[in-house]
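Working notes for the structure below.
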Amino acid sequence: MPRKKPDSPEPSDSITETHSVTCRFCGQKNNVKADYKNNDANCGRCKLPLSNEPHKKFTGLHKNDYIHPADAAALKALKAIPGVDSALKKLLAWTGESAIRVSFMASAVKVTDKQCPDLHEKLKIACKTLGVDVPDMFVQQNPQVNAFTGGVEKPIIVLHSALVERLNDEETLAVISHEVGHIHAEHVLYLTAARLIEFALNRSIAALLPGAEIVKLIVSMGIASALLAWARRAELSCDRAALLVTQDAHVIGRTMMKLAGGTFASKIDYELFLEQGREFKKNYDASRLDRFWADVMNSGLSHPFPIWRVAEILEWVESGQYADLMAKK
Ligand SMILES: [Zn+2]
Ligand SMILES: [Zn+2]
C-alpha cells in the first residue's frame, strides 16, 4: 500500500488500508484489513466469523417445511392416545409457569443485550432467521454440555455453562438455533411435559411430591413412553432448524462431534466421525437388532445419539430438501 504524502488531501491510511464488511448474521458494520478474506475475522457484535457470503432470513417458514418424518409420526402416535391432552394439562399444572421462571431467575444468569451481549445477539439472529419472537434465555452453572427449552405460556431457553465454555461461536449459534427451533416447531409444551416426567421417574422422592398421582396415571396410560419416544425424534427436527440458521452443515457436524467426544473432540478426525455417522445410519436402517439396542439406550438420554443426529443431518442435506428450502423465496 503506497504511503500518502503528509500534505496530501487524499483519504488517510486507516481508510485506504481497511474497508467495511457488514456482518451477514447481525448486520453490524466491521472495519477489516484491506487484504481480509472470508472468515479471517469475527464480528465485533455477535462474534461470528465475518464473511461476504449472503445469509438467508426466512419469511413465512412453516414447521412442516422441515419437520423430520419420525417426529411427525411419533407425535401422531402420541396424540392418538385417548385423554392425552387433559392428562398433560394436569401434569403441567403441577409445576406451572411461575415455578419454572422463579427457579431460573434465582439460579441462573439472564442473558440480555448488556449481559453476555454476544450470546443475546446470537439468540436474536436465530429468532430473526426462523421468524420467532425473542424469548428469555439463561446460562446456568452445570458441567453437563446441554441446553433445553421449557415453559407453559412463555418459552425460556437455558444453556448450561459447560456448553458455552466448550463450543466456539458458530457451534453456540447452532445450539441456540436448535432451541429456538423447538419454539418455532411448537414443541415447547410437550417437551416441558417430557422433562417433568423424566424428572419424576428418575428421582425416588418424586413419589412424595404433589402431582405424583398424575405421573403414575400418565405412565399407566402409555403416555409417558409415547411422549419420551416423540421427544427424542423432535430433536431431529430442531437440528434441521439449526442448519437453517447456521447455513453450514459442518457447523452442525462439528457441534455433534463435541457432544459425542467432549473435551477429547480436538483429537477426533472429523471426516472419520462423519463416516461413523453414515455407517451407523446404514446399520440402523438395515438391522432390527441395532434399532432395538439404539432405542433401548436412547431412552435413557435427553437427546438422541450425536452420531445418529449427524447422520440424519447429512441425509437431509444429501436429499436436496435443505437446498430446496434455501432456494425458496
Ligand atoms: Zn455480527
Ligand atoms: Zn432439543
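The figures here come from the full heavy-atom set of this structure, side chains too, leaving out hydrogens, waters and symmetry mates. In each ligand, atom 1 is the first atom listed, and ligand 1 is the first ligand listed.
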Problem set entry | ring pair (Phe, Tyr, Trp, His ring centres under 6.0 Å) partners of Y190, counting only residues at least two apart |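 Here the qualifying residues are W230.
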Exercise. Among R166, E165, H160, which residue meets the side chain to side chain contact (heavy atoms under 4.5 Å, CB included) test with V145?
Worked result: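 Of the listed options, the one satisfying the test is R166.
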For this session: Specify whether an N/O/S atom of C238 falls short of 2.8 Å from the Zn ion (ligand 2).
Result: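 It does not; every qualifying atom lies at 2.8 Å or beyond.
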Exercise. To the nearest 10°, what's the angle at the Zn ion (ligand 1) between atoms SG (C23) and SG (C26)?
Worked result: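 The two atoms subtend 110° at the Zn ion (ligand 1).
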Exercise. Applying salt bridge (charged side-chain N to carboxylate O under 4.0 Å, His left out), which residue pairs with at least one partner in residues 36-54 are found, sequence neighbours left out?
Worked result: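 Qualifying pairs: R45-E121.
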Exercise. Applying the 4.5 Å side-chain criterion to the ILVMFWY set and letting contacts propagate, would V164 and L123 be lumped into a single cluster?
Worked result: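 Cluster IDs for V164 and L123 match.
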Exercise. Hey, what's the angle at the Zn ion (ligand 2) spanning NE2 (H182) and OE1 (E235), nearest 10 degrees?
Worked result: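 It comes to 100°.
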